[in-house]
Every structure is written in C-alpha cells, then in structure tokens.
Amino acid sequence: MKIVDLRGRYYKENQELQNLIKRSDVEIDLYEPVVKEIIKNVKERGDEALVEYTEKFDKVKINPEDLVIPFEELEKAYDEIEDDVRWAFEVAYERIYEFHEQQKEKSFFKEEDGMILGQKVIPLDIVGLYVPGGKAAYPSSVLMNAIPARVAGVEEIVMCSPNPNKYTLAAAFICGIDTVYRVGGAQAVAAMAYGTQTVKKVDKIVGPGNIYVALAKKNVFGVVDIDMIAGPSEILVIADEKANYRWIAADLLSQAEHDELAASILITTSEELAKNVKEYLYNELLTDFSRKEIAKKSLDNYGHAFIVEDLDTACQVANYIAPEHLEIITENPFDLLNKIKHAGAIFLGSYSTEPLGDYILGPNHVLPTGAAARFSSPLGVYDFVKRSSVIYVSKEGFERVANHAEKMANAEGLEAHALSVKIRKD
C-alpha cells in the first residue's frame with residue numbers, strides 16, 4: 001500500500017492517482033477475439049457449444065440435459081443450508097425488497113384541450129441474471145439482481161452460474177428464479193442473448209463477471225439490453241484524525257479480498273492515521289488471512305493512502321476518482337454529503353461499514369465501477385422497466401397544433417411529414 005502526500009500539489013497531476021484510475025484499462029484486443037469467437041459458436045451451435053465450453057473452462061463434463069438445474073436442487077439447497085444463514089437470507093430479501101419498492105415508477109396521463117398525453121411504464125418480459133462462480137460464491141448477487149426485477153414486475157427471471165454452490169442455489173430459491181442454468185463465462189452471456197435449444201433468449205442481462213463476461217455483455221448489447229460493464233471492485237474511505245485506523249484497515253481489506261485488481265483507497269488529513277492503517281493491514285490483518293495472496297496483490301498494486309490538506313480537498317479527490325463505494329468516517333460525516341457528486345454508494349459514519357451494504361441494509365450493491373459513477377447509478381427497479389409514450393389527439397386538438405407541425409416539417413424538408421398533417425386539414 002502506497003502512502004502519497006498530495007498536500008501542496010495539484011492532485012490531477014499526480015501519477016499515482018492517474019495510474020489508479022486507469023487500473024482497469026486492459027488490453028481488450030487480447031480478449032475480444034476470444035469472446036467474439038465464443039459468441040459466434042454459441043449463436044451457431046447452441047447447446048453443443050455450451051457443453052464444450054463448460055468442459056474446457058469449468059472442467060465439468062455435462063450433457064445438454066444437464067444444463068438446467070432441477071428445481072428440486074434449489075429447494076434441497078434451501079433446506080440444507082444452516083438455519084442462521086437461511087434466516088439471514090430471508091431478512092436480507094425482505095429489506096432489499098422493501099427498499100426497492102420505493103423506486104417503483106407510475107404511469108401518468110395529462111389531459112389538455114383535445115389531447116391526452118402520457119407515459120406507460122411496462123416491466124420487461126424476461127431477464128437473465130449472471131452470477132459469478134469463480135474466486136468466490138455470491139448468493140448476495142442473486143438477491144441484489146433478482147429482487148428489483150421482481151419488484152418491477154418482470155414476468156420471468158432466468159439465471160446462469162458456473163458450478164453454483166448450495167448458498168447460491170438457496171438464494172435462487174428464495175428469489176423464485178424460474179430457471180437456473182449450469183453455465184458461465186462469455187458463453188452464458190451469448191446463450192441468454194441469442195437463445196439455444198435449452199437456454200431461453202432474454203430481453204436484458206444483468207450481473208457482474210470477469211473480463212470475458214464484461215466483454216461478452218458489451219458485444220451483445222443491442223441484441224439485448226445490459227445493466228453495465230462492471231470492472232474491478234473499489235472502496236474509498238475519507239477519514240479525519242479521529243477515525244479508528246483498525247476499522248478503516250478492515251474496510252479496505254474487505255474490497256482487496258475480491259480480486260487482484262480491486263482498489264482500496266484512503267484519503268485522509270492525518271499522516272499518522274495513514275501510517276497506522278498501513279501497518280495494521282500488513283502486520284496484523286494479512287498475517288493469517290485466508291485470501292492473503294489475492295488481497296496482498298491488490299493492496300501492493302492498487303492500495304493507496306492519499307494525504308490531503310483538508311476535507312474539502314478530500315471530497316474533490318473522491319469526486320475525481322468517482323468510486324464504487326465511498327465511506328466517510330469523520331467527526332461530522334453529514335457535513336460532507338453535499339460535497340460528494342460522484343459515488344456509487346455513500347456510507348456515512350464509523351458504523352456504516354461497506355459490507356453491511358453488500359448484504360443486508362437494502363440499497364443495491366450492484367454499483368458503477370471505474371469512474372462510471374460520474375454518469376450511472378446503482379442497479380434498481382428502473383433498470384427492469386421500459387416506457388412507452390401514449391398519445392391521443394381529437395379533431396379539436398389537431399387543429400391547435402397542426403399548423404406548427406406542418407411548418408416544422410417543411411423546414412426540415414420532409415414533404416410526406418407535412419402532407420400527413422396537411423391532408424387532415426384539407
């Protein structure tokens with residue numbers, strides 16, 4: 001973990017900061033040909049290609065009929081998981097559901113003389129969830145992706161996951177997933193985008209994955225909708241001299257354990273705090289940590305403690321980074337809230353640790369990464385609906401606006417557009 005002093009310097013010119021922001025830049029040219037070939041094969045050969053890729057990449061030999069995980073396996077997994085874990089899943093489901101109910105949109109209609117104008121909000125027909133199964137299992141991703149779709153009123157939800165464990169399957173059971181497919185990677189994305197003999201074609205694909213999954217989603221966008229192209233996880237903590245360095249170190253480690261490209265960032269006004277956090281991370285937390293190899297690579301390469309002159313500057317640097325997760329651990333955290341413009345989720349206060357948001361609080365943990373918080377939002381109910389304009393015009397209403405429309409059509413040189421209006425006037 002590098003300690004970088006930004007005091008008295010223009011932060012945007014700092015090379016360490018620039019390298020951190022660009023960390024998720026990858027040599028796409030190295031991966032994209034492979035992804036495009038996988039998509040092409042799945043599109044042309046369907047289940048046969050899925051079976052081959054599952055054996056090649058996941059080291060699991062299956063037949064086409066094994067692609068669908070029977071409902072009984074989901075129910076069995078739900079019954080077999082520990083009682084306290086099952087209860088935690090149920091509590092999380094209720095909290096996430098209740099939070100996302102507040103995001104529901106309503107259709108509206110506006111009447112004026114001779115016109116009815118409105119917007120109809122319509123849920124998508126079928127959505128596909130991608131749930132990773134690589135370095136860790138993510139039942140929480142099932143909950144966070146499926147629940148807003150359920151709240152939105154999506155008719156059918158399917159899920160792809162390579163080698164899902166009992167916790168992932170139990171979460172799928174709780175969420176009422178209609179069909180679970182035992183397939184992962186770019187091939188799963190292609191199957192949901194185009195459909196195979198077994199896997200249903202969907203309208204939208206959501207959920208995180210590795211670089212192959214991300215590029216596959218990018219390549220099928222337009223055939224289907226996607227939520228976002230997710231990059232490596234990241235956390236940024238703004239802290240003052242009174243913050244608990246042990247708590248901050250634990251929070252930084254919670255993201256470093258995800259993968260080697262994860263970024264764990266501290267911005268503080270206290271040089272002493274930065275040194276204490278680094279020392280505690282390396283000399284205490286990492287010494288006997290089960291995911292030490294992954295976390296240490298992440299912290300060595302992308303762990304940073306930036307020392308700034310004041311908390312206003314800390315907020316400016318945070319906005320520049322636009323992190324996925326932002327914790328504000330200061331004496332008066334709410335004083336800084338209005339100064340934050342770009343962050344996927346904002347956690348205020350010492351006890352608002354980011355993992356609570358990952359699992360149980362209610363707001364969605366599917367968040368924009370790689371500075372995408374500048375222009376995008378957490379996954380929500382609004383991602384699972386579309387909107388249609390509704391228009392009714394009577395003769396009286398037509399007469400109010402026809403001349404304006406005709407003149408605009410003529411100004412654009414679109415003769416038939418003008419004719420469609422004029423023919424009704426005559």
Side-chain angles (χ1 to χ4, degrees), residues 68-104 127-184 188 205-209 227 230 233 250-251 254-255 257-258 290-291 324-325 344-345 347 351-367 378-381 383-384:
V68 175
I69 298 177
F71 175 79
E72 291 74 20
E73 286 193 34
L74 277 62
E75 189 172 24
K76 181 182 178 184
Y78 176 80
D79 291 335
E80 287 183 351
I81 62 173
E82 300 85 346
D83 290 344
D84 54 349
V85 175
R86 186 187 309 110
W87 178 239
F89 283 6
E90 296 282 5
V91 171
Y93 182 94
E94 292 299 325
R95 293 186 62 90
I96 297 165
Y97 198 100
E98 289 176 6
F99 178 86
H100 285 83
E101 276 195 309
Q102 307 305 311
Q103 296 178 342
K104 291 173 75 172
V127 167
L129 314 184
Y130 185 84
V131 179
K135 292 183 173 67
Y138 298 101
S140 60
S141 288
V142 181
L143 297 170
M144 292 291 182
N145 283 277
I147 292 172
R150 282 282 174 238
V151 173
V154 172
E155 292 180 13
E156 186 173 2
I157 304 174
V158 304
M159 179 179 116
C160 283
S161 185
N163 303 320
N165 67 11
K166 64 180 181 180
Y167 299 109
T168 300
L169 293 178
F173 178 81
I174 291 171
C175 292
I177 303 296
D178 294 281
T179 311
V180 179
Y181 302 107
R182 187 183 281 106
V183 61
I205 299 173
V206 300
D227 53 348
S233 184
D251 291 355
S254 74
Q255 296 308 297
E257 73 173 337
H258 272 297
S290 61
R291 296 171 69 82
E324 177 186 14
H325 308 100
F347 298 80
Y351 288 93
S352 304
T353 179
E354 184 276 332
L356 290 178
D358 277 347
Y359 298 116
I360 202 72
L361 293 179
N364 210 286
H365 80 195
V366 181
L367 303 167
L379 189 73
V381 173
D383 287 297
F384 297 98

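Residue numbers count from 1 along this sequence.
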Would you give the length of the straight line joining atom [atom1] of [X] to atom [atom2] of [Y], rounded to the nearest 0.5 angstrom?
| X | Y | atom1 | atom2 | value |
| --- | --- | --- | --- | --- |
| Y93 | I147 | OH | CD1 | 5.5 Å |
| L169 | K76 | CG | NZ | 11.0 Å |
| F89 | E82 | CZ | CD | 9.0 Å |
| S233 | D358 | OG | CG | 7.5 Å |
| L367 | E324 | CG | CD | 5.0 Å |
| I177 | R150 | CD1 | CZ | 6.0 Å |

So which heavy atom on [X] is nearest to which on [Y], and how close?
| X | Y | result |
| --- | --- | --- |
| C160 | A188 | CB-CB, 3.8 Å |
| I157 | A146 | CD1-O, 3.9 Å |
| A152 | F384 | CB-CB, 3.7 Å |
| G357 | H365 | O-CB, 3.8 Å |
| V381 | Q103 | N-OE1, 2.9 Å |
| L356 | Y351 | CD1-O, 3.6 Å |

Donor-acceptor contact below 3.5 Å, side chain [X] vs main chain [Y]:
| X | Y | result |
| --- | --- | --- |
| S141 | V131 | no |
| N364 | M144 | yes |
| D227 | G207 | yes |

Report task. May I ask you to say whether R86 pairs ionically with D83, meaning some side-chain N is under 4.0 Å from a carboxylate O? Result ->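 A salt bridge links R86 with D83.
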
Query - Heavy-atom neighbours of Y359 OH exceed 12 at 6.0 Å - result: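 For Y359, atom OH is not crowded (no more than 12 foreign heavy atoms under 6.0 Å).
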
Query raised in the report: Would Y181 and I69 satisfy side-chain contact (heavy atoms from CB on, under 4.5 Å), going step by step from the backbone distance to the final call?
Result: CA-CA 6 Å; Y181 302 107; I69 298 177; over 6 Å; no

Query raised in the report: Strictly by modelled atom types, are D251 and S254 linked by a side-chain donor-acceptor pair under 3.5 Å?
Result: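 There is no such pair between these side chains.
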
Requested in this report: Please tell me if the side chains of F347 and T353 come closer than 4.5 Å, counting only heavy atoms from C-beta onward.
Outcome: no

Report task. Mind running side-chain contact (heavy atoms from CB on, under 4.5 Å) on D383 and V206 for me, showing each step along the way? Result -> CA-CA 9 Å; D383 287 297; V206 300; 5.8 Å; no

